[in-house]
Amino acid sequence: MFLTGVFLNSAQTMIYATVSIRSRPENRATAVGWTSGMGRFGAVFGSWLGGQLLAANKGDWGFTAFALAGLSSMVFIGIAALRGLKRTAGSDSERKLVGAP
């Protein structure tokens, strides 16, 4: 349980860092806020769904439900990566660090 907590906390921190790096300065706060909000929604909804499945004596469906969530996350991450490749291919000169001359 300790290692799960360490890895989940590290993954959450890395997601915030990745979102902040990939976002434009004028949208950075909004992007990190949405990321945080969706993560918190998922934490609440996942616990609720697991409880509902157990209460309905369908605990064996728990793995399927969470595997579908993981699969859909993989698809969305792939789409975001492809969009990022298209954006950076034509706009390398536009990306500058905040405060850079």
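This one's a predicted model, so the numbers in the text were calculated from it and none came from an experiment.
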K.L.:
Can you give the donor-acceptor pairs under 3.5 Å from side chains of residues 52-81 to other protein atoms, not counting sequence neighbours?
P.N.:
unit_1	atom_1	unit_2	atom_2	d
Ser72	OG	Leu68	O	3.3
Ser72	OG	Ala69	O	2.9
Ser73	OG	Ala69	O	2.9

K.L.:
Looking at Ser20 and Ala17, would you say the former's side chain and the latter's main chain have a donor-acceptor pair under 3.5 Å?
P.N.:
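Judged by distance alone, yes, a pair lies under 3.5 Å.
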K.L.:
With a 3.5 Å cut-off and sequence neighbours excluded, list the donor-acceptor pairs that the side chains of residues 33-50 form with protein atoms.
P.N.:
unit_1	atom_1	unit_2	atom_2	d
Thr35	OG1	Ala31	O	2.8
Ser36	OG	Tyr16	OH	3.4
Ser47	OG	Ala43	O	3.1

